[in-house]
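One structure below.
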Amino acid sequence: MNAVECSRESDVLDAVAAARWPDRLPPDLAAHVAHCTICADLAVVAQALSADHDAAWSEAVVAPSGQVWWRAEMRAREEAMRTVSRPLTVVEGFAAAAVVAVLAAVLRVAWLWRGALWPRALPMIGPLEAMALGAVGLLLVVTPVVFYLALSDE
Amino acid sequence: MFARDLTVTDLERLHAVADQAVDRLQMDEETFRAFYDRTARAVWTYAARVTGDTAAADDLLQEAYYRFLRADRPLEDETHRRNYLFRIVTNLLRDRGRRPRAVMVQVPGDHEANALAAPDDVARETERRADLARAMARLKRRERELLWLAYADGRSHDEIASALGVRKGSVKIMLFRARRRLAALLRQVPTAERTR
């Protein structure tokens, strides 16, 4: 396996950090870098990135710490409140589904019993009138629920 | 929950829960602000140079500090906190998962331009940054992270391993390969200069 490091890497990095690269290098280091590909690569990369770091540092405009804290605090509060209110939303959804299921069951039973109840309870009402009556009844039940759900979104 | 169904008790309970969430943050405001002031620029430059996108760096900065504050593990000292923060940024960069959007080159500002000796220096500096940005854009995200942390930020192999979530033993070889690639790219003469 080829070597992946050189014992003089730290000297090269020091020279780059101290802005001695490439003009004010000690002669022995300059001679070493001329023959060591690891150090030559290191010098090229470290010099470019070090200069770019200085440029990036000066162009960096970060948000004030107070603003970052305030946003984080707000978000933590919001997420905590949302987590707490989630079970209630699930329960409400479950309750609404149960109401719909009960209503469907009642209608089904009423439909099955219609033959037995019809002649005695409503002898004068035909099937069309009975359906209209059922629709009105359903409207009376559903309308307040719809209004409640619509207005509760405010 | 419907807003009009809330009782005073519900509201008090919600406020208490929200207060607890703030109490559970990693540090109090004063400590956080001091830590942020020490680290934010390093985080921003890291994110900006790895993504090649300053707007993305702004977003990553806010998100990284939020996740840091919500960390549920004890962070004993400054080094641990700093490494953990960079680990979060690295994970966010990975999740973002895109190559640099464009080669980002900033022309030196007035202050920097004044520090340079002549207009030729400004042009040379801009060209040098463009070369580096182009070369960085051709590297893999992991290579950009490694090189930036090692040679721009001056981190040790231990810190790099911790920030990137890799074994310390792997850092040396990964860094060697990334360095060799970047050096080769930087040595290539730009097309515009070749045709002059």
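In this text the structure is predicted, and so the values were computed from the model without any measurement. Quick note: numbers below take in every heavy atom, side chains included, and nothing from hydrogens, waters or symmetry partners.
Heavy atoms closer than 4.5 Å to chain A are found in the side chain of B:R70, but not in its backbone. Within the 4.5 angstrom heavy-atom criterion, atoms from both the backbone and the side chain of A:A51 approach chain B. For B:L132, the part lying under 4.5 angstrom from a heavy atom of chain A is the side chain only. Looking at A:A17, neither its backbone nor its side chain comes within 4.5 Å of chain B, counting heavy atoms on both sides. For a residue to count as touching a neighbouring chain, one of its non-hydrogen atoms must lie under 4.5 Å from one of that chain's; by this rule A:L42 touches chain B with backbone and side chain alike. Using a 4.5 Å cut-off between heavy atoms, B:M27 touches chain A through its backbone atoms (N, CA, C, O) alone. Within the 4.5 angstrom heavy-atom criterion, no atom of B:A135 approaches chain A. Proximity to chain A (any heavy atom under 4.5 Å) is restricted, for B:R128, to the side chain, taken from C-beta onward. In this structure, no portion of A:E78 lies under 4.5 Å from any heavy atom of chain B.
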Item to complete: Take B:W44 and A:V61 through the side-chain contact (heavy atoms from CB on, under 4.5 Å) test and state the conclusion after the steps.
Response: CA-CA 8 Å; B:W44 189 90; A:V61 182; over 6 Å; no
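Here the straight-line distance linking atom CG of B:D131 with atom CG of A:D52 works out to 11.5 Å at 0.5 Å rounding. Taken from CG in A:L49 to CG in B:D153, the straight-line distance is 10.5 Å, to the nearest 0.5 Å. Note that the CD atom of A:E9 and the CG atom of B:L175 stand 8.0 Å from one another [nearest 0.5 Å].
Between A:V62 and B:D58, the closest side-chain pair of non-hydrogen atoms is not below 4.5 Å. Using a 4.5 Å heavy-atom threshold, the side chains of A:D41 and B:F176 count as separate. Here the side chains of B:Y151 and A:V16 are not in contact, with every heavy-atom distance at 4.5 Å or above. Counting heavy atoms from C-beta on, the side chains of B:R180 and A:T37 never come closer than 4.5 Å.
B:R41 places a side-chain N or O within donor-acceptor distance of the main-chain N or O of A:W57, the cut-off being under 3.5 Å. For B:Y36 (side chain) and A:G66 (main-chain N/O), no donor-acceptor pair under 3.5 Å exists by modelled atom type.
Under a hydrophobic clustering in which Ile, Leu, Val, Met, Phe, Trp and Tyr are joined whenever their side-chain heavy atoms come within less than 4.5 Å, directly or via other members, A:W70 and B:Y65 fall into different clusters.
Between B:A183 and A:V44, the shortest heavy-atom contact is CA-CG1, 4.3 Å. The nearest pair of heavy atoms linking B:W148 to A:A56 is CH2-CB, 4.2 Å. The heavy-atom pair separating B:I173 from A:V4 by the smallest distance is CD1-CG1, 3.3 Å. Closest of all the heavy-atom pairs between B:D28 and A:W69 is C-CH2, 3.8 Å. Looking at every heavy atom in both residues, B:L61 comes nearest to A:A63 through CD2-N, 4.3 Å.
Under the side-chain hydrogen bond (donor to acceptor under 3.5 Å, both in side chains) rule, A:S65 has a single partner from B:R33, B:R38, B:E29, B:E30, which is B:R33.
The candidate from B:A34, B:A184, B:A42, B:A150 with the greatest count of non-hydrogen atom pairs under 4.5 Å with chain A is B:A42.
Shown here is B:E76, whose CD atom has more than 12 heavy atoms of other residues, nucleotides or ligands within 6.0 Å.
A salt bridge does not link A:R71 to B:E63: none of the charged nitrogens lies less than 4.0 Å from a carboxylate oxygen. Electrostatic pairing of A:E59 and B:R49 counts as a salt bridge here, judged by a charged N lying under 4.0 Å from a carboxylate O.
Between B:Y66 and A:E73, the side chains place no donor N or O within less than 3.5 Å of an acceptor N or O (distance only, hydrogens not considered).
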